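Just so it is clear, the model here is predicted, and its values are computed rather than measured.
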Amino acid sequence: GAVVSQHPSWVICKSGTSVKIECRSLDFQATTMFWYRQFPKQSLMLMATSNEGSKATYEQGVEKDKFLINHASLTLSTLTVTSAHPEDSSFYICSARDGGGVQETQYFGPGTRLLVL
Amino acid sequence: GENVEQHPSTLSVQEGDSAVIKCTYSDSASNYFPWYKQELGKGPQLIIDIRSNVGEKKDQRIAVTLNKTAKHFSLHITETQPEDSAVYFCAAVVYGQNFVFGPGTRLSVLP
């Protein structure tokens, strides 16, 4: 099946620093990638949708200046958490839609756990 | 907009028994219904999906049924094993729109 990777798998940083998370589709071209946030024992919350070569679409309540998303190629999207604060600590998961496959299917990465001290 | 409910929130079964998780959705335009399994500390993994033109789909011990009239779909796991223990999420999707996930079901398979 389609494989999506994320890097790093976990990161600890000091408050005020920026953290970049990479999401890669390894064996398919992802025309659309999604970024989710998940708090303990909760469901997935969509943060933003990114399409290759265009600006990301953010969900209501998500600060686009704080969560910078870049989808520079058909296999790579990055999420940068700028000036991170403890309340940004969470599990961040990306997913990718296979542009050459079934349109609706999303494949998820393994997630990145962020801890801001 | 679409709203997805999922029941039960937690489910414990004995190894070898069957487990059933049910989801209901509100938007009759939804036409794609995937199920994901999420193990602790990992990302969700697609285990099975079904489209609106099909009533049932099976893959070894896993099956999904869809009732479009009643707007509900269910995940069935037979002959459960300890490695089936995880959180399961359903989703309902209108073509071209974002996934709407259910709140999840924590399945525990007791040896």
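- Side-chain contact check for B/Y95 versus B/S30: every heavy-atom pair is 4.5 Å or farther apart.
- Looking at B/Q38, the atoms closer than 4.5 Å to chain A (heavy atoms on both sides) all sit in the side chain, from C-beta outward.
- Between A/F91 and A/F39, the gap from one ring centroid to the other reaches at least 6.0 Å.
- Between B/Y36 and B/F99, the angle of the ring planes lies from 30° to 60°, which puts this pair in the tilted group.
- Under a 4.0 Å N-O distance rule, the pair A/K20/A/E22 does not qualify as a salt bridge.
- Contacts between A/Q6 and chain B at a heavy-atom distance below 4.5 Å are absent for every atom of the residue.
- In terms of heavy-atom proximity, A/L76 sits nearest to A/R24 at CD1-CG, 3.8 Å.
- Proximity to chain B is limited to the side chain of A/T49, based on heavy atoms less than 4.5 angstrom apart.
- Of the two parts of B/P34, neither the backbone nor the side chain holds a non-hydrogen atom closer than 4.5 Å to a non-hydrogen atom of chain A.
- When each of B/D49, B/V87, B/N98 is checked for heavy-atom pairs under 4.5 Å with chain A, B/N98 comes out on top.
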